[in-house]
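Taking it in order: structure first as structure tokens, then the write-up.
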Amino acid sequence: MKFQSPKGVSEYFPPRSHAFEFVRDQLLAPIKNAGYQLLELPIFEDTELFTRGVGESTDVVSKEMYTFEDRGGRSITLRPEGTVGALRSVIEHGLDRAGLPVKVFYCGSFFRAERPQAGRYRQFYSVGIEAIGSDDPALDAEVIALAYEGFYGIGLRKFRLEVTSLGDAQSRKAHRVDLVAYINSLNLDEATKARAQINPLRLFDDKRPDVAAMMAKAPRLLDYLSTESADHFAKVQEYLSAMGIAFTINPLMVRGLDYYTGTTFEFVHEDLGAQSGIGGGGRYDGLMESIGGQNISGIGFGLGIDRALLAAEAEGVVSSTDFAPTLYLIPLGQSAKAVAMKLAHELRDRDISVEVAMGDKALKNAMKSADKSGALFSLVLGESELESGNVELKEMSTGVATSVTLSALVPTLITRTLKK
RNA sequence: GUGGGCGUAGCUCAGCUGGUAGAGCACUCGGUUGUGGUCCGAGAUGUCGCGGGUUCGAGCCCCGUCGCUCACCCCA
């Protein structure tokens, strides 16, 4: 029996795992600089949290959840997205009672039982933030900017930002009446009518040319915004422009999660396949209250680490290289090995990365391993070195060795590494 | 859930009109005393995805199945 990973999961192993780590850390960096604080959350929750929060009519809830019964007979679901779990935690622990807005971030894996394809996995990784308890349009702009800065920090350039506003409840209600009337006037097949029943906005996202042509003339939500909503959206745009962040308004944008209201946005990359969305999010006015919290609004996003990595690779801005130590230590003989272990232990304590040759290889082969490790320096520790206390520190790129006393090894490595 | 493409060594792949499996890279060891990269030599590695069928004989043909992959749908 040869085991393999479950269908459709993404997993990262060296050397690519290092590029993954880089992408994740770059996405996280601006978030931390803006005062968002870590929320480390469970990856499974009470199923009802998602059905209530995300919405039963969404594809995510109706057909993509990993749901099972635990030993106590409770219905449990692997989290398909991060927002409702984050809000549940905020509410449960009263984080929203100690000053608003609450600003939190999280990072980890999410699960959707879909048919896998390029950039779409059953277990995928996201970085997310939530800013809860302020209606200030500047907060919308900040959230969008943090996603933008994260992608930019990775080195991505071939992406665009699309924004729109879904307005407040009154705006959507007025629009929906006209939109449904318009859709009913169209000659559509049954499956499409069924989709429109669930959420008429979905039809704006239909890729079939004939449907898209019909929907191009449909009433647009942006034209139905209340003065308050329109004003809010105008300010968001103003702040984005002030930050020099380019965006396009996409009045046809549709998001698959029911809770979005007001400002919504998506980041789309040019070089990806069908799954080109590398991140997205928006404001959610009623969500806190719908899962048992106070009636306050919030805004957040989810950024796809897997897809951002794919995009970075497509743009050629990340390289997947193996770990390379500063020093590769080669002990010769049993007494030298104990000294080498001690030395490595001390060096690592001083934050110098060290690998020790294992397995008593011939010196020649140990040097080959040192070369392969990509180490900056190598050092042979044998009888003569132990006696004299002098070692030859060899710079691998030039082949030049310099004599150093063992006691001077740490300062020498530190200064010579800094010069690189 | 629906459709297309593909499954041969760790990786990339070759394998003719069916005759019981190969290359390159990588790996391990060696090329006379304790120093890598180039070069030379030697070595290890496959249930040809799995199961069935046709055939004297199947990596190759047929059926099924599983997996991977891309797209629809949906989204990170």
Side-chain angles (χ1 to χ4, degrees), chain A residues 1-10 13 15 23-24 27 54 57-65 79-83 107-128 147 151 191-192 194-195 198-199 202 205-208 253-257 260 266-269 272-281 300-311 328 330-333 336 357 359 361-375 377-385 391-401:
Chain A
M1 178 72 194
K2 191 176 179 184
F3 290 109
Q4 58 187 114
S5 62
K7 186 185 183 76
V9 304
S10 63
F13 44 87
V23 167
R24 184 192 60 200
L27 290 176
V54 178
S57 72
T58 61
D59 282 16
V60 168
V61 167
S62 64
K63 53 189 193 193
E64 295 171 0
M65 293 206 302
R79 60 182 184 185
E81 62 98 56
T83 299
C107 173
S109 48
F110 298 86
F111 306 84
R112 287 182 200 171
E114 301 177 271
R115 194 80 167 257
Q117 69 184 81
R120 189 175 75 183
Y121 310 102
R122 291 183 171 181
Q123 174 174 353
F124 58 96
Y125 296 84
S126 288
V127 165
F151 291 132
T192 311
R195 283 179 65 206
I198 296 167
N199 182 354
R202 291 282 165 76
D205 208 24
D206 204 303
K207 283 170 189 145
R208 287 169 298 181
M253 190 169 87
V254 181
R255 306 235 74 221
L257 274 31
Y260 285 118
E266 270 178 8
F267 289 84
V268 181
H269 194 91
L272 262 26
Q275 309 305 322
S276 57
I278 53 177
F301 63 55
L303 312 181
I305 304 175
D306 311 86
R307 290 183 187 174
L309 174 58
L310 254 17
Y328 195 94
I330 303 171
L332 296 177
K361 292 181 190 181
L363 178 58
K364 183 187 172 99
N365 288 323
M367 281 306 295
K368 283 190 182 182
S369 299
D371 187 40
K372 249 182 304 184
S373 78
F377 300 98
S378 68
L379 193 161
V380 175
L381 211 53
E383 293 299 324
S384 57
E385 286 84 358
V391 294
E392 297 284 313
L393 185 63
K394 182 171 186 175
E395 183 168 11
M396 296 302 282
S397 59
T398 59
V400 176

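None of these values were measured; they are calculated from a predicted model. Letters go in sequence order (proteins before strands), and every chain restarts at 1.
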Heavy atoms under 4.0 Å, any strand shown: does [X] hit a base, just sugar-phosphate, or nothing?
X	value
A:Lys7	sugar-phosphate
A:Ala118	sugar-phosphate
A:Gly119	base
A:Glu266	nothing
A:Glu392	nothing
A:Arg115	base
A:Leu257	sugar-phosphate
A:Ser384	base
A:Phe110	nothing
A:Ile278	sugar-phosphate

Taking only side-chain nitrogens and oxygens of [X], does any of them come within less than 4.0 Å of OP1 or OP2 of [N]?
X	N	answer
A:Arg255	B:A76	yes
A:Gln117	B:A71	yes
A:Asn365	B:U28	no

Checking base pairs now: Watson-Crick or wobble, both atom distances under 3.5 Å. What partners [N]?
N	answer
B:U28	B:A42
B:C72	B:G1
B:U17	none
B:U33	none
B:U65	B:G49
B:A23	B:U12

Sticking with atom [atom1], work out how far [N] lies from [M], rounded to a whole angstrom.
N	M	atom1	result
B:U38	B:U20	C1'	40 Å
B:U12	B:G19	P	26 Å
B:U45	B:G4	P	40 Å
B:G52	B:A71	P	36 Å
B:G41	B:U47	C1'	32 Å
B:C61	B:C40	P	38 Å
B:A21	B:C13	C1'	14 Å
B:U33	B:G37	P	15 Å

Go nucleotide by nucleotide along RNA chain B from the 5' end; which of A:Pro116 and A:Phe267 gets its closest nucleotide reached first? A:Pro116
Need to verify one output field. Residue with the more 5' nearest nucleotide on RNA chain B, A:Tyr260 or A:Leu272? A:Leu272
All heavy atoms of A:Met65 vs all of A:Val60, minimum pair found to be CG-O, 3.1 Å
Calculate, to the nearest 0.5 Å, the distance between atoms OG and CD belonging to A:Ser378 and A:Glu392 respectively. 10.0 Å
Could you grab the distance from atom CE of A:Met396 to atom CG of A:Asp371, nearest 0.5 Å is fine? 5.0 Å
Can you check whether any acceptor in the base of B:G37 is under 3.5 Å from a donor in the side chain of A:Asp371, or vice versa? no
Please state whether the base of B:C68 and the side chain of A:Gln4 form at least one donor-acceptor pair under 3.5 Å? no
What is the distance, rounded to the nearest whole Å, between atom [atom1] of [X] and atom [atom2] of [N]?
X	N	atom1	atom2	answer
A:Tyr121	B:C74	OH	C1'	16 Å
A:Leu381	B:U35	CG	C1'	14 Å
A:Glu395	B:G36	CD	P	17 Å
A:Leu363	B:G34	CG	P	7 Å
A:Lys372	B:C27	NZ	C1'	7 Å
A:Leu393	B:G36	CG	P	17 Å
A:Phe13	B:C11	CZ	C1'	11 Å
A:Lys63	B:C74	NZ	P	7 Å

Short side-chain to backbone donor-acceptor contact, A:Arg122 and A:Glu114, under 3.5 Å: yes
Any donor-acceptor pair under 3.5 Å from A:Arg307 side chain to A:Arg120 backbone: no
[X] side chain, from C-beta outward: closest of [options]:
X	options	answer
A:Lys394	B:G36, B:G34, B:A76	B:G36
A:Lys368	B:A71, B:A76, B:G30	B:G30
A:Arg120	B:G67, B:C29, B:A76	B:A76
A:Ala274	B:A76, B:G30, B:A71	B:A71
A:Ser126	B:C74, B:G31, B:A76	B:A76
A:Gln275	B:U35, B:G36, B:C74	B:C74

